[in-house]
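Side chains are part of it too, since the values below use all heavy atoms of this structure and drop only hydrogens, waters and symmetry mates. Below, chains carry the letters A, B, ... as their sequence lines are ordered, and counting in each starts from 1.
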Amino acid sequence: MSSEQRKAFPFSEFEPKWQGEWEAKKAFRTPNPGDADFDASKPKYFVLDMFPYPSGNGLHVGHPEGYTATDIIGRFKKMSGFNVLHPMGWDAFGLPAEQYAIKTGTHPRVTTEANIANFTKQLKSLGFAYDWDREVNTTDPGYFKWTQWIFLKLYNSWFNPSTKRAEPVSTYRFHPDDDLLAPGEELDGKVPSEQNRIEINKVRAEKQREFLDSVRLAFVSSAPVNWCQELGTVLANEEVVDGKSEVGGFTVERRPMRQWMLRITAFAQRLIDELDGLDWPESIKLLQRNWIGRSEGAHVTFKVAQASSLPPDKQDACPTITVFTTRPDTLFGATYMVIAPEHPLVSQITTPAQLEAVEGYQKSVVSKSDLERTELAKDKSGVFTGAYAINPVNDEQIPIWIADYVLMGYGTGAIMAVPAHDQRDMEFAKKFDLPITTVVERECPHSPSEEAKAAPAGEDTRTPCFAGDGIAVNSGFLDGLTTPDAKKKIAAWLEEKGLGKGTTNFKLRDWLFSRQRYWGEPFPIVWEDGKHRSIPESELPLVPPTLEDFKPTGTPEPPLSKATDWVRYSDTATRELNTMPQWAGSCWYYLRYCDPKNSERFISEAAENYWMGGGKPGGVDLYVGGTEHAVLHLLYARFWHKVLFDLGYVSTPEPFQRLVNQGLILGEDGQKMSKSRGNVVNPDDVVSEYGADALRLYEMFMGPLEQVKPWSTSGVVGQSRFLARVWRLVMEQNDEGTWSVSTALQDVPSNKQVTKALHETIKKCGEDIEKLSFNTAISAMMVCTTAFTGAEVKSASAIVTFLKVLSPFAPHLAEELNAQIRSKFPGLAAPGFLSDEIWPNYDPAALIEDEVEVVFQVNGKLRDKARVPIQATKEEIEKIALASARVQEFMEGKTPKKVIVVPGKLVNIVV
RNA sequence: GCCGAUGUGGUGAAAUGGUAAACACAGCGGACUUAAAAUCCGCUGGAGGGCAACCUCCUUGCCGGUUCGAGUCCGGCCAUCGGCACCA
């Protein structure tokens with residue numbers, strides 16, 4: 001028996017047929033403002049998928065989950081009168097293609113193109129209503145021209161702290177002493193000679209350049225990165241385990257390298273604040289807030305004591321160390337100080353006696369990766385520098401230690417340690433026998449016994465420290481104040497004495513934006529005399545050179561260095577050799593969809609205004625994708641968008657108004673799908689076995705979109721059966737196995753019961769689609785199908801209405817059945833594609849029944865029910881309930897204390 | 001450790017504070033068939049009672065609370081999953 005015969009309905013014939021029709025007739029082309037067929041009177045709906053990285057493995061079942069959800073929404077909105085923008089594209093730069101290229105010698109462009117062709121075929125086989133004319137590809141020079149262009153905008157902008165906005169560097173105001181002198185302008189009361197003026201301006205111009213370079217949003221810095229000699233590349237922190245590379249287990253060292261950074265930290269506050277108005281899952285907002293990690297506190301400056309042990313040449317230096325603390329109110333409890341081992345002052349303050357120990361410790365720390373440093377967090381380590389700081393509140397000398405639990409990258413790289421009120425300081429103090437002074441006491445005096453219980457006498461080594469708010473004690477002028485009041489008072493005191501001031505700190509670091517890779521966007525930057533400058537926009541796109549050998553060089557020199565001709569920009573200038581990270585292209589792709597072919601601008605004003613502006617609050621109306629991008633892509637894209645907004649290129653401060661995270665699909669065994677577990681489901685197999693509609697429907701029926709849920713092949717079978725039932729509503733098979741339009745289908749109105757079921761389905765599906773509650777929408781359609789099945793004669797027009805509701809979910813089947821009905825009842829079916837139809841209205845009158853079932857409860861327990869006329873009054877219903885024999889039985893002859901009547905629902909009699 | 005999410009039948013799940021388990025899957029029984037597949041119909045949370053149609057009690061992780069009424073709201077626990085993790 002051939003598999004063809006086994007199929008309950010011929011999806012393998014009509015699915016490709018309709019995909020071909022839609023493509024040939026451009027059924028889902030979305031006109032842009034300015035196009036002849038653009039209808040500006042319609043509202044817009046921009047529904048966005050996270051575009052895939054076209055990997056060699058092809059689509060996995062997680063992709064169609066989000067894509068089907070957005071497809072249903074998009075098709076529904078289109079039928080509801082919106083101009084719908086629902087595009088697809090490729091995030092195609094990236095390491096896997098490059099690694100594959102290194103292994104096989106195939107150029108990444110070749111593998112990338114092949115993978116895109118495969119992905120395209122797979123997506124088209126699922127019948128998604130994408131406007132393929134808007135396809136974007138981040139590796140296309142016509143695309144990355146604008147990625148480079150945006151980089152130049154970042155490069156040529158600075159963050160003005162007074163306006164809190166990105167501005168062109170031209171608005172940067174230099175100190176008057178650094179302004180260039182105009183001819184004839186006075187300097188120190190006299191006009192310099194022309195010769196001198198040129199000399200002075202040369203010096204000043206150089207100073208200005210340095211200033212600008214230090215404020216640009218794209219800037220160069222020497223950040224320590226994870227460098228792996230054997231792999232010949234830098235690695236992300238996630239790729240380093242126990243100081244070894246995750247791949248190959250090679251040694252990874254921390255080494256400072258010249259890197260491009262983007263000044264995302266300047267936007268930290270706005271990135272937090274502007275989350276508030278977004279319709280995103282609270283958990284994702286929280287993840288971003290925590291990632292940005294704002295904390296309020298104060299800088300406090302400590303003098304380093306003039307220790308006699310310091311050598312004479314260090315005596316007059318009298319350095320100061322500034323710490324960041326969120327608890328300035330505990331200053332009286334600061335019994336020692338810790339500075340990061342990399343802190344620049346370490347060498348200056350270390351006493352000769354401690355020099356060897358300190359340098360040894362520094363060396364041991366340098367080789368550790370950040371990950372290693374935190375993984376060994378359990379056990380505190382550190383070394384005394386021999387120096388002392390003076391606590392400004394009580395002039396006590398406190399020892400200065402170095403320890404790797406203090407990180408150079410956060411705050412000032414130095415802390416005042418308050419062991420009584422900080423767990424880490426407590427652990428450190430215990431290990432090294434440093435004094436512990438309590439300066440805050442718990443406020444609740446009425447539960448001392450519980451406290452005693454919590455800390456059993458003596459033996460417990462991990463005495464819990466009290467890190468909460470309380471009342472200041474042992475704190476001089478702060479005594480008796482609550483923690484918030486003490487914070488205010490000490491802040492004022494510090495400020496008055498010039499010893500410190502309130503500050504806000506963020507965990508967010510600037511974005512390391514360069515990679516030593518071949519398969520990425522080259523920077524539009526050249527170097528000359530050790531200085532960088534941008535290339536003119538007219539030279540964009542800057543296409544990477546065609547390299548035969550894209551293997552790593554074995555040195556920190558990026559592979560692009562091998563293209564010697566390309567590297568040479570002029571006799572004296574050479575190109576930047578690093579490339580941008582994969583995130584670059586995905587930071588703005590949603591904008592390019594709005595105007596993908598524009599060669600004059602990254603997006604036209606009209607297109608931006610319509611698709612990204614368009615009413616309040618604007619932006620992408622719905623963005624669906626996985627949680628894995630909660631903090632990286634979604635933060636980076638918001639950052640770029642804000643810069644473009646500040647510079648006037650886009651009209652909203654936020655790109656994605658509504659975000660929904662689809663839940664991961666697990667394997668049938670409830671484990672994460674992976675090749676090694678052998679539980680990976682290939683969507684192609686599902687499509688060939690059960691059809692695209694069954695796959696779409698199943699993925700939507702599995703459960704709530706946001707939820708993690710396991711795959712079940714028998715669940716797909718169930719959806720296939722449902723579709724077959726719908727098919728047989730319209731079609732019947734003769735003895736030869738040929739399908740034709742069923743004789744039960746007639747040009748008649750449907751009966752009351754079916755009409756009610758149909759209108760309930762229209763109502764519920766419309767509401768559920770808006771809520772993204774697709775599983776319940778599908779169950780409603782199943783109920784409706786059962787109602788149709790029960791009717792002997794089927795109303796063709798009612799079924800066509802049902803098919804319109806079904807069409808966003810199972811577009812192929814709906815389209816085919818509509819066409820079949822049209823062949824027999826031309827007037828009753830949709831004349832063209834169902835997607836061009838208007839979403840049906842439901843008739844509220846059809847939903848109303850003459851009678852409703854009312855439940856009778858006695859003391860909250862269900863005892864009886866009865867059908868009651870819909871218009872019955874409360875009193876009437878109560879009377880019917882009290883008359884019930886079963887109700888009376890359970891009332892046991894008592895008089896009701898209270899009777900609650902919910903019309904159309906229930907009666908509860910309390911006795 | 002901190003933060004977040006989730007706990008309902010054998011399974012995926014449903015339920016504006018108002019009949020818990022809709023809709024499916026799996027299972028069992030039946031119809032059709034020489035037979036099987038497909039299809040259609042019925043049963044299917046637990047315990048107890050009845051020849052029976054039926055009836056009673058229990059049941060949404062655990063313990064309390066609010067309410068005429070709680071899966072849903074509040075407080076406290078427990079478990080699982082996810083994220084962050086020496087951030088001063």
> Tell me: CH2 of Trp727(A) to P of A38(B), nearest whole Å?
Replying inline: 20 Å
> Under the 3.5 Å rule, do the base of C86(B) and the side chain of Lys380(A) count as making a donor-acceptor pair?
Replying inline: yes
>> Any salt bridge linking Glu767(A) with Lys763(A)? Criterion: basic side-chain nitrogen under 4.0 Å from a carboxylate oxygen.
In response: yes
> Does anything in residues 771-781 of chain A pair up under side-chain hydrogen bond (donor to acceptor under 3.5 Å, both in side chains), and if so which pairs, sequence neighbours excluded?
Replying inline: Asp768(A)-Thr776(A), Ser773(A)-Thr776(A)
> P atom, U56(B) versus C3(B): distance in rounded Å?
Replying inline: 48 Å
>> Both conditions, 6.0 Å and 45 degrees, for the charged tip of Lys380(A) above the ring of Tyr405(A): are they met here?
In response: yes
> If the P atom of G7(B) is compared with that of U16(B), how far apart are they to the nearest Å?
Replying inline: 14 Å
> When the distance from CD1 of Ile665(A) to P of A13(B) is rounded to whole Å, what number comes out?
Replying inline: 12 Å
Side-chain donor-acceptor contacts of residues 720-732 of chain A below 3.5 Å, not counting sequence neighbours, with atom names and distances?
residue, atom, partner, partner atom, Å
Glu732(A), OE2, Thr743(A), N, 3.2
Glu732(A), OE2, Thr743(A), OG1, 3.4

>> What's the gap between C84(B) and G75(B) when it is taken at their C1' atoms, as a whole Å value?
In response: 28 Å
> Residues from residues 904-911 of chain A sitting under 4.0 Å of RNA chain B, heavy atoms only?
Replying inline: Lys905(A), Leu906(A), Asn908(A), Val910(A)
>> Say we look at A70(B) and A53(B): how far apart would their P atoms be, to the nearest angstrom?
In response: 31 Å
> How close or far is atom P of C68(B) from atom NZ of Lys894(A), stated in whole angstroms?
Replying inline: 18 Å
> Nearest to the side chain of Thr325(A) - A13(B), A88(B), C23(B)?
Replying inline: A88(B)
> Out of G4(B), A88(B), A26(B), which has the shortest distance to the side chain of Tyr410(A)?
Replying inline: A88(B)
> Does the distance from a Lys or Arg side-chain N to an Asp or Glu carboxylate O, for Lys431(A) and Asp379(A), drop under 4.0 Å?
Replying inline: yes
>> Going by salt bridge (Lys or Arg N to Asp or Glu O under 4.0 Å), name the pairs with one or both residues in residues 693-713 of chain A, residues two or more places apart or in two chains.
In response: Glu65(A)-Lys709(A), Asp71(A)-Arg696(A)
> Between A14(B), A24(B), A22(B), which one does the side chain of Ser779(A) approach most closely?
Replying inline: A22(B)
> What does Gln857(A) touch in the nucleic acid at a heavy-atom separation under 4.0 angstrom: a base, only the sugar-phosphate, or nothing?
Replying inline: base
>> Tell me the closest heavy-atom pair linking His421(A) and Phe466(A), and the distance in Å.
In response: ND1-O, 2.8 Å
>> Applying a 4.0 Å non-hydrogen cut-off, can you work out what Thr627(A) is touching in the nucleic acid: base, sugar-phosphate, or nothing?
In response: nothing
> What nucleotide, of G4(B), G83(B), U19(B), holds the atom closest to the side chain of Leu286(A)?
Replying inline: G4(B)
> Which listed nucleotide (A14(B), U19(B), A88(B)) is nearest to the side chain of Thr776(A)?
Replying inline: A14(B)
> C68(B) C1' sits how many Å from Lys897(A) NZ, rounded?
Replying inline: 10 Å
> Once each nucleotide of nucleotides 5-12 of chain B is scored for protein heavy atoms under 4.0 Å, what B/S/- sequence comes out, 5' to 3'?
Replying inline: -------B
>> Let me spell it out: for each of Val717(A) and Ile900(A), pick the nucleotide of RNA chain B with the closest heavy atom. Which residue's pick is nearer the 5' end?
In response: Val717(A)
> With a non-hydrogen cut-off below 4.0 angstrom, is Gly718(A) in contact with a base, only sugar-phosphate, or nothing?
Replying inline: sugar-phosphate
>> Could you walk me through whether Phe802(A) and Phe788(A) satisfy the ring pair (Phe, Tyr, Trp, His ring centres under 6.0 Å) test, starting with their C-alpha distance in whole Å, then the side-chain angles of each, then the deciding distance to 0.1 Å, before giving a yes or no?
In response: CA-CA 10 Å; Phe802(A) 174 73; Phe788(A) 273 120; 5.7 Å; yes
> If we take the C1' atom in both U6(B) and C62(B), what is their distance in whole Å?
Replying inline: 16 Å
>> Expressed as a whole number of angstroms, how long is the span from Met700(A):CE to A13(B):P?
In response: 14 Å
> Say you pick atom C1' in U60(B) and the same atom in G45(B); how far apart are they, in whole Å?
Replying inline: 11 Å
> Using Watson-Crick pairs (N1 to N3, plus N6-O4 or O6-N4) and G-U wobble pairs, both distances under 3.5 Å, which stems of at least 3 pairs involve RNA chain B?
Replying inline: B:1-7 with B:78-84, B:10-12 with B:23-25, B:27-31 with B:39-43, B:45-49 with B:54-58, B:61-65 with B:73-77
> Given atom CG of Leu729(A) and atom C1' of C40(B), what is their separation to the nearest angstrom?
Replying inline: 14 Å
> Atom CZ of Arg725(A) and atom C1' of C23(B): how far apart are they, to the nearest Å?
Replying inline: 10 Å
> According to the salt bridge (Lys or Arg N to Asp or Glu O under 4.0 Å) rule, which pairs have a member within residues 281-301 of chain A, sequence neighbours left out?
Replying inline: Asp276(A)-Arg289(A), Glu282(A)-Lys285(A), Arg294(A)-Glu296(A)
> Where the side chain of Tyr405(A) is concerned, which of C86(B), A88(B), G18(B) is the nearest nucleotide?
Replying inline: C86(B)
Atom pairs under 3.5 Å: protein N/O with N/O of nucleotides 53-58 of chain B:
residue, atom, partner, partner atom, Å
U56(B), OP1, Arg886(A), NH1, 3.3
U56(B), OP1, Arg886(A), NH2, 2.6
C57(B), OP1, Arg863(A), NH2, 3.2
C57(B), OP2, Arg863(A), NH1, 3.3
C58(B), OP2, Lys861(A), NZ, 3.3

> Whole Å only: how far is the CZ atom of Phe428(A) from the P atom of A88(B)?
Replying inline: 18 Å
> How many angstroms lie between atom CG of Leu697(A) and atom CE of Met782(A), to the nearest 0.5 angstrom?
Replying inline: 6.5 Å
>> Checking one value: the base orientation of G83(B), syn if chi is within 90 degrees of 0, otherwise anti.
In response: anti
>> Tell me whether the NZ or CZ atom of Arg863(A) lies within the 45° cone about the ring axis of Phe856(A) and under 6.0 Å from its centre.
In response: no
>> Measuring only the P atom in each nucleotide, how far is G29(B) from A37(B)? A whole number of Å is fine.
In response: 13 Å
>> Measuring only the C1' atom in each nucleotide, how far is G30(B) from C23(B)? A whole number of Å is fine.
In response: 23 Å
> Pairs in or reaching into residues 895-911 of chain A: which pass side-chain hydrogen bond (donor to acceptor under 3.5 Å, both in side chains), with residues at least two apart or in two chains?
Replying inline: none
>> If you assign each of Asn775(A) and Thr789(A) to its closest nucleotide in RNA chain B, which residue comes earlier from the 5' end?
In response: Asn775(A)
> Residues two or more places apart in sequence or in another chain: which of them pass side chain to side chain donor-acceptor pair (under 3.5 Å) with His759(A)?
Replying inline: none
Report, one line per pair, each donor and acceptor closer than 3.5 Å where one atom sits in a side chain of residues 500-508 of chain A; sequence neighbours left out.
residue, atom, partner, partner atom, Å
Thr503(A), OG1, His299(A), N, 3.4
Thr503(A), OG1, Lys501(A), O, 3.1

> Using a cut-off of less than 4.0 Å, is there contact between a side-chain N or O of Arg721(A) and OP1 or OP2 of C25(B)?
Replying inline: yes
> Considering residues at least two apart in sequence or located in another chain, which fulfil the ring-ring contact (aromatic ring centres under 6.0 Å, His included) criterion with Tyr636(A)?
Replying inline: Trp511(A), Trp583(A)
